[in-house]
K.L.:
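Quick one: this structure, given as C-alpha cells, is what I'll be asking you about.
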Amino acid sequence: MRRPYIAGNWKMNMTIEQAEQLAGALVDGVSADTGVEVAVIPPFLAIPTVARVIEGSAVQLGAQDVYFEKSGAFTGEISAGMLADAGCSFALVGHSERRHVLMESDEIIRKKLEALLGQGLNVILCVGELIEEREANETEKRLNIQIRAGLEGLSSDQMKNITIAYEPVWAIGTGKVATTAQAQDAHKFIRNLVAEIFDRDVADAVRIQYGGSVKPDNAAELMAQPDVDGALVGGAALKPDSFLGIIAGA
Ligand code: 13P
C-alpha cells in the first residue's frame, strides 16, 4: 500500500514570521498516526525557522528548488548539501514555474535530481503538460519526455527516493482542477511508463501526487483515484485550515 503524501508548496510567499506561524499551526494540527505523510516546502529564507518549529513533529521539510553544483562561484544558488544541512529531507525539481517562467530544461532538472540523490535527499519530480499540449492530444507525449529525461538510468534503489508530482500547467493557480478522470488517466499513464522503464514493483511503489488547484472540497475525490497517491498543494497550503482540510480528505 502506498501511503498518501501531501506536500504544501508555499512558493514565493510568507515572511519569516508568517512561515513560523503557519508551521506552528500545522505542527499542532497534524498527528503522526493519521497514516498520511505531510510536508511543507517554504521559501529558502524561511527554511531554518520552519526547521526549528517542526522539529520532532510529524511534518517534513523540503525546498522548492536546488542547484546541481556542490559549492563555489554560483551567485544566488543553493546546493543540495546546504539544504540537507538546513534540515530538509527533500526538494522539488522541475516545478512548472521553474520550467516555464525560469526556462529550466529537462537536462538541468535531471542534474538537480541527481545532486539531491547524491546528498541522500528525496526528490519530488514535477511533470505536466501545457494547455496547448492537452488540446493537441499531446499530454502523454510531453509526460513521456519529462519522465524519461528525469528517471531513465536511475536504479530501482534510487527510485525509492523519488516521488512524482503530476501538475497539469493549466490547472496550477487557475482554480481549474483536472477532472478525476483526467488526473487518473495521466497518473496511470505515468505509472505504466515507470513500469516500462523499471519494472512493475517499482511502478507499484512509486507515489504520484496530483497538483493544480487542489482544495479541501476536491481533495478527497482526487485522492480516491487508484493511481493518485496524494497532493502537491499551492494556494490552499498557505492557510492552516485549508491545508489541514486537504489532509483530512486523504
Ligand atoms: P495551486 O494549488 O495553487 O494550483 O498550485 C499547485 C502547485 O503548483 C503546487 O506545486
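Residue numbers run from 1 in the order of the sequence given. Every number for a ligand or one of its atoms is a count from 1 in the order of the listing.
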K.L.:
Using a strict cut-off of 4.0 Å, indicate which atoms of ligand 1 neighbour a heavy atom of Gly212.
P.N.:
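Listed by number with element, the hits are 4 (O), 6 (C).
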
K.L.:
If hydrogens are left out, which of Gly175, Ser213, Gly211 has an atom nearest to atom 1 (P) of ligand 1, that is, the closest non-hydrogen atom?
P.N.:
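Of the listed residues, Ser213 has the closest heavy atom.
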
K.L.:
Any nitrogen or oxygen of Asn9 lying under 3.5 Å from a nitrogen or oxygen in ligand 1? Just yes or no.
P.N.:
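Between Asn9 and ligand 1, an N or O pair is found under 3.5 Å apart.
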
K.L.:
Do Arg142 and Glu138 sit within salt-bridge range, that is, some charged N less than 4.0 Å from a carboxylate O?
P.N.:
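The answer is no: the pair does not qualify as a salt bridge.
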
K.L.:
Could you note down all residue pairs passing ring-ring contact (aromatic ring centres under 6.0 Å, His included) where residues 55-91 supplies at least one of them, sequence neighbours left out?
P.N.:
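Found Tyr67-Phe74.
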
K.L.:
Report yes or no: does Lys215 have a heavy atom closer than 4.0 Å to ligand 1?
P.N.:
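Flag not set, Lys215 not near ligand 1.
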
K.L.:
For the pair Lys141 and Glu133, find out whether any cationic side-chain nitrogen is under 4.0 Å from an anionic carboxylate oxygen.
P.N.:
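No, this pair does not count.
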
K.L.:
Which residue and non-hydrogen atom of the protein lie closest to atom 9 (C) of ligand 1, and at what distance in Å?
P.N.:
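Closest protein heavy atom to atom 9 (C) of ligand 1: Glu167 OE2, 2.8 Å.
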
K.L.:
Less than 4.0 Å is my threshold; does some heavy atom of Ala236 fall inside it relative to ligand 1?
P.N.:
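Distance cut 4.0 Å: Ala236 fails for ligand 1.
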
K.L.:
Does ligand 1 have any atom that is closer than 4.0 Å to a heavy atom of Ala171?
P.N.:
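Under 4.0 Å: yes for Ala171.
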
K.L.:
Under 6.0 Å from the CD atom of Gln18, do we count more than 12 heavy atoms belonging to anything else shown?
P.N.:
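Atom CD in Gln18 is crowded, with more than 12 foreign heavy atoms closer than 6.0 Å.
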
K.L.:
Do NZ/NE/NH1/NH2 and the carboxylate oxygens of Asp229 and Arg191 come within less than 4.0 Å?
P.N.:
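Yes, Asp229 and Arg191 are salt-bridged.
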
K.L.:
Counting from 1, what ligand 1 atoms have a heavy atom of Gly235 closer than 4.0 Å?
P.N.:
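Counting atoms of ligand 1 from 1, those under 4.0 Å from Gly235 are 1 (P), 2 (O), 3 (O).
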
K.L.:
How does Leu232 reach ligand 1, by side chain, by backbone, by both or by neither, if only non-hydrogen atoms under 4.0 Å count?
P.N.:
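Both of them.
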
K.L.:
Among all protein non-hydrogen atoms, which one is nearest to atom 2 (O) of ligand 1, and what is the separation to 0.1 Å?
P.N.:
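Answer, as residue, atom name and distance: Gly234 N, 2.9 Å.
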
K.L.:
For Arg52, is there an ion pair with Glu20 - N to carboxylate O distance below 4.0 angstrom?
P.N.:
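A salt bridge is present here (some side-chain N lies under 4.0 Å from a carboxylate O).
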
K.L.:
Per the salt bridge (charged side-chain N to carboxylate O under 4.0 Å, His left out) rule, what does the pair list look like for residues 112-127, sequence neighbours excluded?
P.N.:
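Sorted pair list: Asp65-Lys112, Glu104-Lys112, Arg110-Glu114.
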
K.L.:
Atom CG in Leu92, atom CD in Glu97: separation rounded to 0.5 Å?
P.N.:
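Leu92 CG to Glu97 CD: 10.0 Å, rounded to 0.5 Å.
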
K.L.:
Quick test of your reading of the structure: of Lys11, His95, Gln64, Lys176, whose heavy atom lies closest to atom 10 (O) of ligand 1?
P.N.:
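Ranked by closest heavy atom to atom 10 (O) of ligand 1, first place is His95.
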
K.L.:
Report, in ascending order of atom number, the atoms of ligand 1 lying under 4.0 Å from any heavy atom of Gly173.
P.N.:
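So the answer, numbered in order with elements, is 1 (P), 3 (O), 4 (O).
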
